[in-house]
Amino acid sequence: MEKVKIAIIGAGPAGIASAIEAKANNIEPVVVLEKGETVCSTIVKFYKPGKRVDANYREKDIKPIGICSFETETKEEFLKRIEDWINKWKLDIRLNSEVTEIRKTDEEYEIFVKDKPEYLAEFVIIAIGIFGKPNKPSYSIPEELKNKVFFEPPLEIPENKKILVVGGGNTAAEVACCLCEVNDVYLSYRRPQFFRINEINLKNLEEKEKQGKLKLLMATDIEKIEPYNEKVRVYFKDGKEDFYDLIYYCLGGTTPESFLRRIGINFDEKGNPLIDEFFETNLPKIFLVGDIAFKQGSIMKAFNSAHIVIKRIKEKYLST
Ligand SMILES: Cc1cc2nc3c(=O)[nH]c(=O)nc-3n(C[C@H](O)[C@H](O)[C@H](O)COP(=O)(O)OP(=O)(O)OC[C@H]3O[C@@H](n4cnc5c(N)ncnc54)[C@H](O)[C@@H]3O)c2cc1C
């Protein structure tokens, strides 16, 4: 088994920022284990080409406190920035390395990649995000609809379709706005008002609605969906029905709870992993950073959590 000081699980913004902060503090060796074929696989997979990557995604003015920071830019610019950082800091990132288990030994943690023990690490930083498992609605999705109903934003934009987007967050807003240029788009949200989306997305939605490019179906809840000829028949809880060619659910992701519980991480009664103010779990020297540590994550929050964790490791465990 390879011995490392810190094993970072996941090479998204949080994992990469953690590796950079560690390097900057001369903590070595650090290895970043990424299950995908690329770094930042959430961004590569879920962001459409040219997407605006907002620096203030959910809240206004989150100030960067560590080394990693960015201004609002496109997906491609952001990914280039990450690539440049990886080269500049000479990060050791191992792709195609899905971590399946972490076990405590006397002094260290054994890290299992694809069920084989491969690394022994003193510290473990878990940065696996929440998008491995997109949230799905409570009603079942009939098998026949699998080519018409999606749980990820489209990377290629369909044309001339009647489309229902479901959700009330930034992703739903962005998906609806980009689809509505060449499609007939409806956005269904359970609440009477948006409250989770940022100013730019709210403005865009309102403009598109004014221009008649999309229809907002506020305070609507779906009861069930069924196949109907070549369409999706949607039954709303208020008794209304409509037919769509495609549905995109944008409902966020779920904490990979079973993975964390298997390792031995405790959860509170609301189902959130228990961490202290420095993101340390009940297992000493195992930390959570990025989306997995927040209710409502963002890239800047991921960067900042990485800074706090490395500072904590240094001050609590490595200062002599
Ligand atoms: C469509 C969309 C639009 C968004 N737009 C913005 C925006 O404009 N601005 C903004 O700030 N935020 C935005 N976000 C949110 C932002 O993408 C996340 O907050 C950010 O990616 C969180 O970073 P992370 O490193 O915690 O997790 P992720 O980016 O999800 O990275 C986790 C990484 O861990 C890897 N991984 C998972 N499990 C394992 C495992 N067992 N072993 C090894 N590796 C593993 C994954 O493959 C992935 O590469 C958006 C999200 C979506 C879905």
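Both ligands and their constituent atoms are indexed starting at 1 by order of listing.
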| field | Residue pair F287, F279: steps toward the ring pair (Phe, Tyr, Trp, His ring centres under 6.0 Å) verdict | value | CA-CA 5 Å; F287 294 81; F279 301 96; 8.6 Å; no

| message | One pair to check against ring pair (Phe, Tyr, Trp, His ring centres under 6.0 Å): Y317 and F123. What are the steps and the verdict? | response | CA-CA 10 Å; Y317 294 108; F123 298 93; 5.4 Å; yes

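In this structure, K136 places its NZ atom where only 12 or fewer heavy-atom neighbours from other residues, nucleotides or ligands lie under 6.0 Å away. Atom NZ of K161 has 12 or fewer neighbouring heavy atoms from other residues, nucleotides or ligands inside a 6.0 Å radius.
For atom 12 (N) of ligand 1, the closest non-hydrogen atom of the protein is Y57 CD2, 3.2 Å. Nearest non-hydrogen protein atom to atom 18 (C) of ligand 1 is D291 OD2, 3.3 Å. Counting protein heavy atoms only, atom 41 (N) of ligand 1 is closest to V99 O, 3.0 Å. In this structure, atom 11 (O) of ligand 1 lies nearest to the protein heavy atom I299 N, 2.9 Å. Atom 28 (P) of ligand 1 has its closest protein heavy atom at T42 OG1, 3.4 Å. With hydrogens left out, the protein atom closest to atom 8 (O) of ligand 1 is D54 N, 2.8 Å, a heavy atom. Atom 27 (O) of ligand 1 has its closest protein heavy atom at G129 CA, 3.4 Å. In terms of protein heavy atoms, atom 34 (O) of ligand 1 is closest to G10 CA, 3.3 Å.
For Y47, a nitrogen or oxygen atom sits less than 3.5 Å from a nitrogen or oxygen atom of ligand 1, counting backbone and side chain alike. Not a single N or O atom of F70, backbone or side chain, sits closer than 3.5 Å to an N or O atom of ligand 1. Looking at ligand 1, you'll find an N or O of P13 within less than 3.5 Å of one of its N or O atoms.
Using cut-offs of 30° and 60° for the angle between ring planes, the Y249 and Y139 rings count as tilted. Note: Y189 and F194 have parallel aromatic rings, judged against thresholds of 30 and 60 degrees for the angle between ring planes.
Across E34, K51, K75, K35, heavy-atom proximity to atom 35 (C) of ligand 1 is greatest for E34. Of the options A172, A14, G297, A293, the smallest heavy-atom separation from atom 24 (P) of ligand 1 is shown by A14.
Heavy-atom proximity to I9, at under 4.0 Å, picks out these atoms of ligand 1: 42 (N), 43 (C). For ligand 1 and S41, the ligand atoms under 4.0 Å from any heavy atom of the residue are 46 (C), 47 (O), 48 (C), 49 (O). Remark: ligand 1 atoms within the under-4.0 Å shell around heavy atoms of A127 are 32 (C), 33 (C), 34 (O). Distances below 4.0 Å separate heavy atoms of R52 from the following atoms of ligand 1: 8 (O). Remark: ligand 1 atoms within the under-4.0 Å shell around heavy atoms of G290 are 26 (O). Every atom of ligand 1 with a heavy atom of V53 under 4.0 Å away is listed here by number and element: 8 (O). Residue contact check: L33 has heavy atoms under 4.0 Å from atoms 43 (C), 44 (N) of ligand 1. Close approach of ligand 1 to E98 is summarised as follows: ligand atoms under 4.0 Å from at least one heavy atom of the residue are 41 (N), 42 (N).
A cation-pi arrangement, defined by a distance under 6.0 Å to the six-membered ring centre and an angle within 45 degrees of its axis, is present between K51 and Y47. Cation-pi geometry between K224 and Y235 is satisfied (NZ or CZ under 6.0 Å from the ring centre, within 45° of the ring normal). Within the cation-pi definition used here (under 6.0 Å to the ring centroid, within 45° of the axis), K231 does not qualify as a partner of Y244.
The CG atom of N304 lies 8.5 Å from the OG atom of S69; values are rounded to the nearest 0.5 Å.
Side-chain contact, N198 with D54: a donor N or O sits under 3.5 Å from an acceptor N or O. Side-chain contact, N201 with R52: a donor N or O sits under 3.5 Å from an acceptor N or O.
Between W85 and F303, the distance from one ring center to the other falls under 6.0 angstrom.
Neither the backbone nor the side chain of T100 comes within contact range of ligand 1; no heavy atom lies under 4.0 Å.
Here the options are I43, L79, I299, the test is side chain to side chain contact (heavy atoms under 4.5 Å, CB included), and the partner is V53; only I299 passes.
Ligand 1 lies nowhere less than 4.0 angstrom from a heavy atom belonging to N170. Under the 4.0 angstrom criterion for non-hydrogen atoms, S97 is in contact with ligand 1.
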